[in-house]
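Below is one structure, written out as structure tokens; comments come after it.
In listed order, ligands and their atoms are each counted from 1. Fair warning: this is a prediction, and the values are worked out from it, not measured in the lab.
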Amino acid sequence: MTPEECIFCKIHKGLIDSEILYSDDNCFVIRDISPRAPVHLLVIPVLHITRLVDVNIQDAHILGGMLKVASVMAIRENIVESGYRLVVNQGENAGQVVPHLHLHILGAKPLAAMG
Ligand code: AMP
Ligand code: ZN
């Protein structure tokens with residue numbers, strides 16, 4: 001999928017309507033359109049990267065930036081003390097639907113234990 005066809009790239013360019021909750025040079029944050037928890041945000045890199053394995057070493061700082069922004073959003077959404085989960089789905093078996101890397105932030109309810 002090219003950036004021209006990508007839903008998250010279209011949102012970043014303003015071609016699809018979505019409230020941008022946070023934005024910087026590296027990444028931006030929107031609410032998931034189909035929330036699986038009362039707080040369900042997506043931290044999305046501006047760069048159209050499909051998977052973590054596609055991140056070049058010179059772009060690796062973007063990943064740290066996404067984690068930092070997730071912390072900022074957790075504070076803003078008041079879920080730090082109650083707890084939250086960060087999820088990055090990678091590929092078919094993980095159920096990755098949108099082929100543009102993104103970090104889910106899920107919180108404001110007890111989440112099912114993993115494993
Ligand atoms: P994943 O399964 O990890 O690829 O997650 C993709 C997520 O993007 C899903 O949770 C969708 O609900 C969400 N999503 C798809 N389209 C939009 C949109 N236009 N705005 C916000 N979230 C979206
Ligand atoms: Zn994209």
Show the distances, to 0.1 Å, for all pairs joining an N/O atom of ligand 1 and a protein N/O atom that are shorter than 3.5 Å, listing one pair per line.
{"unit_1": "ligand 1", "atom_1": "2 (O)", "unit_2": "G95", "atom_2": "O", "d": "2.9"}
{"unit_1": "ligand 1", "atom_1": "2 (O)", "unit_2": "V97", "atom_2": "N", "d": "3.4"}
{"unit_1": "ligand 1", "atom_1": "3 (O)", "unit_2": "N89", "atom_2": "ND2", "d": "2.9"}
{"unit_1": "ligand 1", "atom_1": "3 (O)", "unit_2": "H102", "atom_2": "NE2", "d": "2.7"}
{"unit_1": "ligand 1", "atom_1": "3 (O)", "unit_2": "H104", "atom_2": "NE2", "d": "2.8"}
{"unit_1": "ligand 1", "atom_1": "4 (O)", "unit_2": "V97", "atom_2": "N", "d": "2.7"}
{"unit_1": "ligand 1", "atom_1": "4 (O)", "unit_2": "V98", "atom_2": "N", "d": "2.9"}
{"unit_1": "ligand 1", "atom_1": "4 (O)", "unit_2": "H102", "atom_2": "NE2", "d": "3.1"}
{"unit_1": "ligand 1", "atom_1": "5 (O)", "unit_2": "H102", "atom_2": "NE2", "d": "3.0"}
{"unit_1": "ligand 1", "atom_1": "5 (O)", "unit_2": "H104", "atom_2": "NE2", "d": "3.3"}
{"unit_1": "ligand 1", "atom_1": "10 (O)", "unit_2": "D32", "atom_2": "OD1", "d": "3.2"}
{"unit_1": "ligand 1", "atom_1": "10 (O)", "unit_2": "D32", "atom_2": "OD2", "d": "2.5"}
{"unit_1": "ligand 1", "atom_1": "10 (O)", "unit_2": "R36", "atom_2": "NH2", "d": "2.2"}
{"unit_1": "ligand 1", "atom_1": "12 (O)", "unit_2": "D32", "atom_2": "OD1", "d": "2.5"}
{"unit_1": "ligand 1", "atom_1": "22 (N)", "unit_2": "I33", "atom_2": "N", "d": "3.1"}

- prompt: Can you tell me if NZ on K68 sees more than 12 non-hydrogen neighbours from other groups inside 6.0 Å?
  reply: no

- line: Counting only protein N/O/S atoms, those under 2.8 Å from the Zn ion (ligand 2) total 4

message: For H102, give me all partners under ring-ring contact (aromatic ring centres under 6.0 Å, His included), at least two apart in sequence or on another chain.
response: F8, H104

- prompt: Cluster partners of L15, using ILVMFWY side-chain heavy atoms under 4.5 angstrom, listed by chain and number?
  reply: none

message: I'd like to know if the side chain of D24 and the backbone of N26 have a donor-acceptor N/O pair within less than 3.5 Å.
response: yes

- prompt: Going by heavy atoms in the side chains, are P45 and H100 under 4.5 Å from each other?
  reply: yes

- request: Please test L101 against L52 for side-chain contact (heavy atoms from CB on, under 4.5 Å), starting from the C-alpha separation and ending with a verdict.
  value: CA-CA 7 Å; L101 182 68; L52 286 166; 3.9 Å; yes

task: Using modelled atom types only, decide if a donor and an acceptor are shared between the side chain of R76 and the backbone of L21 within a distance under 3.5 Å.
output: yes

task: Give a yes or no answer on whether the side chain of Q96 reaches the backbone of V88 with a donor-acceptor pair at less than 3.5 Å.
output: no

query: Between R36 (side chain) and S34 (backbone), is there a donor-acceptor pair under 3.5 Å?
result: yes

